[in-house]
Every structure is written in structure tokens, then in C-alpha cells.
Amino acid sequence: MGRRKLARTLRRLGGFHRLLTIPLLLAQFRRSENGRWVLYGFLASAVVLLLASWALVLGLMSWQTNHIFGVVVHDVIAQSTIFLICSFALIWFMRDLVLERNWRLAICSAALAASFLANIVFVATSRADIVVLPMLIVLLGWRWSGWRGAILACVAAGAVAAGTWVGSPYLRERVQRAIDDVEIYRTTHVHNDVGDHIEFLKKSIAFVGEAPVIGHGTGSIPELFRRSTVGQTGATAVVSVNPHNQILAVAIQIGALGAALLLAMWVAHLVLFYRTGLTAWIGTVVVVENVVSSLTSSHLFDFVHGWLYVLGVGILGGMIQRDRP
């Protein structure tokens, strides 16, 4: 009986307990010199995933998968996020190699980064990463050369956006489908992907309004959504287990105080990585990607994305603290 009660309690905590691992990782990798090997392993696994994805696309490999074309494991959002982090890490690494005049390795790094980005643009991308990508380009320019770099990066982001829009039918189809879904939901209120997300947000805001200070309790989201669909039709009849917004997912369960703590955590992690250097930049990419994508998903409560954030912040943050004078 005690074990069942404990298991039920842990399930109700959802992804909250996962965040408690971050201080432990910070403490471990503040003392350890092996953080870089974790990064090498992550990059190596991402390269294997990249090669498999391109092999599927080019017809060099046959693989029975339940995912969309070009996605080997996990889902399109997870694959796109992993490739995004690796590509911007390699871009910074390429810049360091150029400053060291290591041209051969710099070219290899640039080619690998381009392969990751090309897969995102032409094969499989999440809608959130379409927004994250230009933001990271501008942030990269600012980290390199201040406001002048940010302005140049804005120009570069505009050129990249125009080029990818013209050259990628897949990207145009993804954006157009989202626009069509919004219009269909607005006029007919029927069930579709983007329309469902809008409906979830509306209901979630209402749930927060019912208990704005202390929330409805951990694990309450599925039951709240289930009750809200009784007697409904169309998009309002779709049952969800999360509001597809991280701030609302926290506020529904533990109120405005919990949402404030979530925002404070993100700010603290951004401040932790507000430094120069490759490690700090990778940490910044991890945090910024999570913050932006969490506006349309509850990524901290998802298994892959939640652990990707926890491990990224914990390991990279520990490495930063270890190198700090």
C-alpha cells in the first residue's frame, strides 16, 4: 500500500522532481574534469542520428519507423532540437578554430553545422525551432560583437530566412499548414493541430483563473481537461494531458508563485551562462531554445526534452563554475 501511494505521488509530481537533479549535476561537474567527454558523446550520437536521417531521405537506408519521413527515433521536435543545439555549438567552435588559423578543422566544423541546419530546414523541423533559429542567429552576433554584431546578424537572419523560404518547399508547407489551421479553427472551430493548441491555451488560462494563487495541485491537469470536454464538440471536445505551454502547465498546478519560480529559474540559468566561451554559449543555446519552445509545449515535463534541459544546464553549468576564477 505504501509503495502504491509513493508511486502515485511521484506520478502527480510529473516533471517537477526532474529539476531537482540540476543542483546535483552542478556540484558533480564543478569538481569533475569529464564534462567535455559528455559533450563529445552527445555530439557523436547526434552525428550518428544525422547520418541516419540523411540516409533515409536519400534512399540509402530502409528503416521501418512510425515517425515522419527523415526522423529515425524520438519525434520531429526532439530531433530538431538536438540538431539545433549541435549546429550552433559547431558554429562557435568554427569561429574559435578560425581565430587559431586551424583552417582544415574549421571547414569540417562548418560543413557539419551546415548539415545539421539543412536537415532542420529541408527534412524535419518543429514550428518552435522556426522561431528559435533566427533568434539564436541574432544572439550569436551580439555575443561576438555587441550591438554591431547583432545588427549584422539581423541582416544575416533575414537573408537566411529568405533563402530557406525560397529553397525549402517543406518549410513553406509547414508554415502554410499552420496558417490554414488557424483560419479553419477561427471559422469552423473544428479539430486540427494548431486549433487544438489555441483551445488548450484558452482553457488553461481559465483553469489558472479558478485558482490563481496556489493552483489546483500537482497532477491535476488531465482531470481538468477531461471535465472541460464533457458535452463539447469540435476542438473543445479534444482531451489533453497538458496545456502545451510550460508557464501555464506550472501555474495550473501550483499557481502564480510556481510560475514566478519557473521564470526565475530560467533567468538564473541565463545569468549562469552570461560569459564568453564555447561552454557558456552551448548553455545559452540550451536555455534559450527551451524558453522559446516552451511557449508552445510543456517541454520540461516531457521525458526527452526535460532531461535534455536538465543534463545540459547541470553539466555545462558545472563546467562553467569549475572554470570560473
- Message: Using the side chain to side chain donor-acceptor pair (under 3.5 Å) criterion, which residues pair with Ser228? Sequence neighbours excluded.
- Response: Lys203

- All side chain to side chain donor-acceptor pair (under 3.5 Å) counterparts of Ser294, not counting sequence neighbours: none

Using atom types as modelled and distance alone, determine if a side-chain donor or acceptor of [X] lies under 3.5 Å from a backbone N or O of [Y].
X	Y	answer
Asp75	Ala78	yes
Asn102	Leu97	no
Ser32	Gln28	no
His216	Phe207	yes
Ser220	Gln253	no
Arg30	Gly318	no

[X] versus [Y]: any side-chain heavy-atom pair under 4.5 Å?
X	Y	result
Tyr185	Glu199	yes
Trp281	Arg275	no
Phe29	Arg36	no
His197	Leu201	no

Which atom of [X] lies closest to which atom of [Y], heavy atoms considered:
X	Y	result
Leu278	Trp92	N-NE1, 3.6 Å
Ile221	Ala249	CD1-O, 3.6 Å
Gln79	Ser53	NE2-OG, 3.6 Å
Tyr309	Val287	CE1-CA, 3.8 Å
Thr279	Phe273	O-CD2, 4.5 Å
Arg18	Gly306	CD-C, 3.7 Å

- Query: Centres of the Phe116 and Phe88 rings: under 6.0 Å?
  - Reply: no

- Query: For Thr284 and Arg143, does a side-chain donor sit closer than 3.5 Å to a side-chain acceptor?
  - Reply: yes

- Query: Side chains of Asp302 and Trp307: donor-acceptor distance under 3.5 Å anywhere?
  - Reply: no

- Task: Can you sort out the partners of Ser145 under side-chain contact (heavy atoms from CB on, under 4.5 Å), two or more places apart, ordered by chain and number?
- Result: none

- Item | Arg172, CZ: over 12 other non-hydrogen atoms inside 6.0 angstrom | yes

- Query: CG of Asp129 to CD1 of Ile77: how many Å apart, nearest 0.5 Å?
  - Reply: 8.5 Å

- When rounded to the nearest 0.5 Å, the distance separating OG of Ser204 from CG of Asn242 is 8.0 Å

- I would like to know whether His244 and Ser297 meet side-chain hydrogen bond (donor to acceptor under 3.5 Å, both in side chains); could you show each step before the answer? CA-CA 4 Å; His244 292 274; Ser297 299; 4.8 Å; no

